[in-house]
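A quick note: this is a predicted structure, and the numbers were derived from the prediction, not measured.
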Amino acid sequence: VQLVESGGGSVQSGGSLRLSCAASAYIFSYHCMGWFRQAPGKEREGVAAIDSDGNTNYAPSVKGRYTISQDNTNYTLYLQMSSLKPEDTAMYYCAAPLDCYYNEDDFSSFSPRREGYWGRGTQVTVSS
């Protein structure tokens, strides 16, 4: 099982990037998948997740700037990042499956699974 991220790079503050995560039909059979990031010296942080119904959830720090989406034909997960800030600098990873939590019909949060699959990451660097 492989998850392969791409699309990272170096941009100036206010710029945009689109990350891709090439997966497989097996991975896309899971209900929930998403993106995480980790900056040097900091803990890993959940960024965004999407479930098989297309419901999405975002960390407060990226809400309104990032958009997660999936292509069920090509088994690719995307993360469109706009209005990037220096504090967005990190290694970005895609992961599946995730535990996704709902408050009635609202996709309220998500977390990784111990037995989940992870890509090797793609570096995003935002300069001021």
Side-chain angles (χ1 to χ4, degrees):
V1 175
Q2 281 190 316
L3 294 168
V4 182
E5 302 95 336
S6 62
S10 297
V11 297
Q12 291 191 326
S13 182
S16 299
L17 284 172
R18 188 177 81 156
L19 306 184
S20 299
C21 175
S24 63
Y26 175 75
I27 290 292
F28 266 66
S29 69
Y30 287 118
H31 174 64
C32 196
M33 61 182 72
W35 292 92
F36 293 77
R37 68 185 181 186
Q38 188 165 22
K42 294 188 176 181
E43 291 187 356
R44 184 178 61 194
E45 172 189 23
V47 175
I50 187 167
D51 70 17
S52 57
D53 295 322
N55 299 305
T56 58
N57 183 266
Y58 298 92
S61 59
V62 306
K63 196 169 186 178
R65 301 188 296 120
Y66 288 16
T67 303
I68 188 171
S69 62
Q70 57 190 12
D71 183 336
N72 294 321
T73 300
N74 295 317
Y75 308 123
T76 303
L77 185 69
Y78 298 102
L79 186 68
Q80 177 67 48
M81 307 184 296
S82 303
S83 302
L84 283 163
K85 306 174 182 180
E87 52 264 43
D88 295 320
T89 295
M91 185 72 79
Y92 283 70
Y93 302 89
C94 61
L98 306 179
D99 285 325
C100 292
Y101 304 97
Y102 300 84
N103 181 3
E104 295 185 347
D105 293 331
D106 182 41
F107 183 1
S108 58
S109 64
F110 60 94
S111 62
R113 292 188 185 179
R114 181 182 301 180
E115 73 278 13
Y117 299 100
W118 293 82
R120 293 188 175 185
T122 185
Q123 177 68 38
V124 172
T125 302
V126 185
S127 58
S128 57

Using 0.5 Å steps for rounding, measure from the [atom1] atom of [X] to the [atom2] atom of [Y].
X: S108; Y: N55; atom1: OG; atom2: CG; value: 11.0 Å
X: Q12; Y: S128; atom1: CD; atom2: OG; value: 9.0 Å
X: S20; Y: L77; atom1: OG; atom2: CG; value: 8.5 Å

Subject >> With D71 via salt bridge (charged side-chain N to carboxylate O under 4.0 Å, His left out) - residues at least two apart >> reply: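 So D71 forms no salt bridge (charged side-chain N to carboxylate O under 4.0 Å, His left out) with any residue.
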
Original post:
With sequence neighbours excluded, what pairs up with D105 under the side chain to side chain contact (heavy atoms under 4.5 Å, CB included) test?
Top reply: none

Original post:
Among all residues two or more places apart in sequence or in another chain, which pass the side chain to side chain contact (heavy atoms under 4.5 Å, CB included) test with S82?
Top reply: S16, Q80

Original post:
Honestly curious: do M91 and W118 fall in one hydrophobic cluster under the side-chain, below-4.5 Å linking rule?
Top reply: yes

Taking all non-hydrogen atoms of both residues into account, name the closest pair between [X] and [Y] and its distance.
X: G116; Y: P97; result: CA-CD, 3.9 Å
X: A96; Y: L3; result: N-CD1, 4.1 Å
X: L17; Y: G7; result: CD2-O, 3.8 Å
X: G121; Y: E5; result: N-OE1, 2.8 Å
X: G8; Y: V124; result: CA-CG2, 4.2 Å

Donor-acceptor pairs under 3.5 Å, side chain of residues 27-37 to any protein atom, not counting sequence neighbours: which ones?
unit_1: S29; atom_1: OG; unit_2: Y26; atom_2: O; d: 2.5
unit_1: Y30; atom_1: OH; unit_2: Y26; atom_2: OH; d: 2.9
unit_1: H31; atom_1: ND1; unit_2: S52; atom_2: OG; d: 2.9
unit_1: H31; atom_1: NE2; unit_2: Y102; atom_2: OH; d: 2.9
unit_1: W35; atom_1: NE1; unit_2: Y78; atom_2: O; d: 3.3
unit_1: R37; atom_1: NE; unit_2: E45; atom_2: OE1; d: 2.8
unit_1: R37; atom_1: NH1; unit_2: Y66; atom_2: OH; d: 3.4
unit_1: R37; atom_1: NH1; unit_2: D88; atom_2: OD1; d: 3.0
unit_1: R37; atom_1: NH1; unit_2: Y92; atom_2: OH; d: 2.9
unit_1: R37; atom_1: NH2; unit_2: E45; atom_2: OE1; d: 3.3
unit_1: R37; atom_1: NH2; unit_2: S61; atom_2: OG; d: 3.4

Subject >> For R18, side chain to side chain donor-acceptor pair (under 3.5 Å) partners two or more places apart >> reply: none

**OP:** For S111, enumerate each residue passing the side chain to side chain donor-acceptor pair (under 3.5 Å) test, keeping only those at least two apart in sequence or located in another chain.
**Re:** Y101

Original post:
For Q2, does the CD atom have more than 12 heavy-atom neighbours from other residues, nucleotides or ligands under 6.0 Å away?
Top reply: no

Original post:
With L79, which of T67, L19, I50 fulfils side chain to side chain contact (heavy atoms under 4.5 Å, CB included)?
Top reply: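 Of T67, L19, I50, side chain to side chain contact (heavy atoms under 4.5 Å, CB included) with L79 is met by L19 alone.
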
Original post:
Just wondering, do Q123 and T89 contact through their side chains at under 4.5 Å, heavy atoms?
Top reply: yes

